[in-house]
**Q** 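I have a structure I would like to understand better, so I am pasting it below and will then ask my questions one at a time.
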Amino acid sequence: MEQTQDQTPYKVHLGDLFDGPMDLLVHLVKKNEVDIYDIPIALITQQYVEYLEWMKSLNIDVAGDFLVMAATLAHIKSRVLLPTQEEGVDDEDPRMEIVRPLAEYLQLKYAADDLMERDRLDWDVFARRDFDGTEASSEGEPGGLIQVGLFELIDAFQEIIKRVSPAYLWDLTPDTISVKSRISQIADILEERGSMTFQELFEAQATRGDIIVTFLAILEMAKFQLIRIMQHLESGIIRIFNG
Amino acid sequence: MDNLEAIIESLLFASDTPLTIDKIKSVLETADRKTVREALTNLAEEYESGKRGFFLAEVAGGFQVRTRPEYRQWIRRLKETRPARLSRAALETLAIIAYKQPVLRSDVEYLRGVDSGGTLRTLFERRLIRVMGRKDLPGRPMIYGTTKQFLELFDLKDLNELPALKDLKDLGETWPNDSR
Amino acid sequence: MDNLEAIIESLLFASDTPLTIDKIKSVLETADRKTVREALTNLAEEYESGKRGFFLAEVAGGFQVRTRPEYRQWIRRLKETRPARLSRAALETLAIIAYKQPVLRSDVEYLRGVDSGGTLRTLFERRLIRVMGRKDLPGRPMIYGTTKQFLELFDLKDLNELPALKDLKDLGETWPNDSR
C-alpha cells in the first residue's frame with residue numbers, strides 16, 4: 001500500500017469510519033443524547049444527510065448502504081410530518097421502522113462489549129500450548145504437520161484447482177454435492193446391511209428434490225459399479241446390493 | 001494430593017485443549033464420571049485456596065488449566081507477540097452469530113446494515129464460526145453458528161452461559177463501547 | 001504461596017520453552033536473580049512434596065514445568081486419542097476425495113500431479129477415506145470416498161455441509177479463471 005501511495009490519491013471510505021449506516025445512526029443518537037424510542041426524526045435525518053454531504057465534500061467515498069439509509073430516514077420523516085390519510089386501524093408510529101432494527105443493533109453492540117469483558121484466552125488468560133515439556137513428548141511426531149480445519153481443506157482444494165486447466169474445472173452446485181452426500185449415506189447403509197429395497201431407499205424422502213437426488217445417487221453408484229440392482233422375478237421388488 | 005488427582009492434573013497439564021470428563025474417564029479406564037468430577041472439583045479448590053499462578057476453567061464442555069487473569073500483564077510481557085485482535089466489526093458480527101444462531105448471512109447483514117462477507121471469512125479462518133447446515137431456500141444459503149473455539153476464547157462453559165441481552169430501557173445513559 | 005511465586009508459576013506455565021532466570025528477571029523488572037532463584041527453589045520443593053502431576057525440570061539452562069515421568073503411560077494414552085493431524089499432502093488428497101467422490105486414485109494423482117499412494121494409505125489408516133468399490137477397468141482400480149470419521153473431524157453433519165466453491169466466492173475469495 002505504501003508504495004502505491006505516490007500514484008493514487010489517498011481515498012477514505014466512509015465505511016472505514018463507520019461500520020455501516022446503523023453505526024452512524026447510533027453515533028448521531030448518542031451525540032444528540034436522545035431516547036432511541038423517541039427519536040427526533042427530522043433532526044436525525046438532517047444530521048445524517050449533512051454528515052454524508054460533508055463526507056462527500058472531503059472526497060470520502062460514501063457506499064450505497066449509507067444512501068439507502070438516508071432514503072429510509074427521509075421516507076419515515078415524511079410519514080411522520082404528513083398527517084396520515086386513513087385514520088385508525090393500525091396507526092403505528094412510522095419511526096418504529098427504524099427504531100426496531102436500531103434497538104436490536106444496539107443490543108448486540110452491548111452483547112459484543114459483554115464478550116470483550118470476559119477473560120479472553122490468549123489475552124487475559126493463557127493455556128498450555130502443546131505437548132512440549134511432557135515426558136511423553138520425546139517420541140515426537142513426524143515433522144511438517146499441521147492441525148486441520150475445514151477452511152484448510154477448502155484452501156488445499158483451491159490450490160489444486162489453480163494448478164489444473166480451466167477445461168477441467170467442474171461445476172460444484174449444491175445439487176451435485178447433495179448427490180454425493182446421498183451416495184455416502186447409501187454406502188453407509190449398504191455397508192451395514194448388505195442390501196436394501198428400492199422402496200426403503202425412497203422412504204422418508206420429504207421433497208421431490210430429495211427423491212431426484214436419491215435417484216441420481218443410485219445412477220451414479222450403478223455407473224461406478226458400487227451397487228448391483230436386482231429385481232425379484234415374481235414379486236417385482238427391486239433390491240440394491242453392495243457391489 | 002492423591003494419586004488420581006495427580007494423574008488428572010498431569011493430563012490437564014499436557015493437553016492443549018479442554019478435556020471433557022468423558023475423555024479423562026476413557027484415558028483412565030478404571031475411574032467413573034463421579035470420581036473424575038470429584039477430583040476436578042478438588043483440584044479447582046486447591047488452585048483457588050493455594051493462590052496458585054493458574055486456575056481450573058470450565059470451558060467448551062471441558063476443563064482446562066489457565067493462568068490467572070490478574071497476571072495477564074506479566075504473561076503478555078513474556079510472550080511479547082500480541083495475538084491478533086478482533087476488530088469491532090468482527091466482534092459485532094460474532095456477537096450476532098452467537099446470539100442469533102442458527103443464522104443466515106443475510107440475517108447478519110440485515111442487522112448490521114452492511115455486507116459482511118469479509119468479516120465472516122475472517123471469523124471462519126479463526127475458527128470462531130462454522131457452517132451448521134444449509135437452508136432450504138434458493139441458492140441453499142449456509143447457516144452459521146459458533147464453534148468450540150468460540151467458547152474457549154470467551155471462557156464460556158456452553159452457549160447458555162452467554163450473558164443475557166440487556167434491556168435497553170434499563171441502560172439509561174450508558175452506551176456501548178466503541179473504538180471511536 | 002506468595003505473589004511472586006504465583007506470578008513465576010504462571011510464567012512457567014504459559015511458556016512453550018524453558019525459562020532462564022535472566023528471562024524471568026527481565027519480565028518481572030523489579031526482582032533480582034537471587035529472589036527469582038529462591039522462588040524457583042520453593043516451587044520445585046512444593047511440587048515435590050505436594051506430589052503434584054508435574055515437577056520443575058532444570059533443562060537447557062532454564063526451568064520448565066513438565067509432567068511427572070511416572071504418569072507417562074496416561075499422557076501417551078491421551079496423545080493417542082488426539083484428533084488427527086494431517087500433512088499438506090494428505091490434506092490436498094483428502095480435499096480432492098471429499099469434493100470429487102467417488103473418485104479413482106488415478107484422478108487424484110492427475111489433479112495433484114504426483115504419486116499419492118502414501119498419502120492415500122495414511123488417510124486410510126486414519127479412517128478418513130474408504131474404498132467404495134472397484135471400477136470395471138483393467139486392474140480393477142479402487143474407488144475412494146470419505147467416511148463418517150471425516151465428517152466428525154471437520155464437524156460436518158453430512159457432505160451437504162461441505163462449503164461449495166460458490167460459497168467461498170461469496171465470502172470474497174478470489175477465484176481463478178473468473179472472467180467476471
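Keep in mind it's a predicted model, so treat the numbers as computed, not measured. To find a chain, count down the sequence lines: A is the first, B the second, and so on, and within it residues start at 1.
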**Q** Under a 4.5 Å heavy-atom cut-off, does chain A meet the side chain of B:Leu94, its backbone, both or neither?
**A** neither
**Q** Would you say A:Tyr37 has more than 12 foreign heavy atoms packed within less than 6.0 Å of its OH?
**A** yes
**Q** For A:Asp65, what residues pass the side-chain hydrogen bond (donor to acceptor under 3.5 Å, both in side chains) criterion, not counting sequence neighbours?
**A** none
**Q** So with a 6.0 Å cut-off around CD of B:Gln73, is the heavy-atom count from everything else above 12?
**A** yes
**Q** For B:Arg37, is the CZ atom crowded, meaning more than 12 foreign heavy atoms sit under 6.0 Å from it?
**A** no
**Q** Which one, B:Leu156, B:Val59, B:Thr119, B:Leu162, leads in non-hydrogen pairs under 4.5 Å with chain A?
**A** B:Leu156
**Q** Taking the basic N atoms (NZ, or NE/NH1/NH2) and the acidic carboxylate oxygens, is any pair closer than 4.0 Å for B:Arg112 and A:Glu104?
**A** no
**Q** Do you know the tightest heavy-atom contact between A:Arg128 and B:Phe13?
**A** NE-O, 3.3 Å
**Q** Between A:Ala127, A:Ala112, A:Gly64, A:Pro21, which has the largest tally of heavy atom pairs under 4.5 Å with chain B?
**A** A:Ala112
**Q** What pair of heavy atoms forms the shortest contact from A:Arg118 to B:Phe154, and how long is it?
**A** NE-O, 2.6 Å
**Q** Relative to chain B, which segment of A:Ile36 carries a heavy atom at a distance below 4.5 Å: side chain, backbone, both, or neither?
**A** side chain
**Q** Which one of B:Ala89, B:Ser87, B:Ala164 has the most heavy-atom pairs closer than 4.5 Å to chain A?
**A** B:Ala89
**Q** Could you measure the distance from the CD1 atom of B:Ile97 to the CG atom of A:Leu108? Nearest 0.5 Å is fine.
**A** 11.0 Å
**Q** Can you tell me how far apart CG (B:Leu165) and CG (A:Asp114) are? Round to the nearest 0.5 Å.
**A** 8.5 Å
**Q** Return each pair, listed once, that meets salt bridge (charged side-chain N to carboxylate O under 4.0 Å, His left out) where at least one residue sits in residues 34-47 of chain A; pairs must be two or more places apart or across chains.
**A** A:Asp38-A:Arg95
**Q** Quick check for you: to the nearest 0.5 Å, what is the distance between A:Lys109 atom NZ and B:Leu91 atom CG?
**A** 9.5 Å
**Q** Give, for atom CG of B:Leu86 and atom CH2 of A:Trp123, the distance between the pair rounded to the nearest 0.5 Å.
**A** 11.0 Å
**Q** State plainly whether the residues B:Arg66 and A:Asp119 are in salt-bridge range, i.e. N to O under 4.0 Å.
**A** no
**Q** Looking at CG of A:Leu121 and OG1 of B:Thr67, how far apart are the two atoms once the value is rounded to the nearest 0.5 Å?
**A** 8.5 Å
**Q** For the pair A:Asp124 and B:Arg76, find out whether any cationic side-chain nitrogen is under 4.0 Å from an anionic carboxylate oxygen.
**A** yes
**Q** For the candidates B:Thr17, B:Val65, B:Leu153, which exhibits the highest count of non-hydrogen atom pairs separated by less than 4.5 Å from chain A?
**A** B:Leu153
**Q** Ignoring hydrogens and angles, state whether a donor on the side chain of B:Tyr99 or A:Gln107 is under 3.5 Å from an acceptor on the partner side chain.
**A** no
**Q** Minimum heavy-atom separation for A:Val125 and B:Phe55, please, with both atom names.
**A** CG1-CE2, 3.9 Å
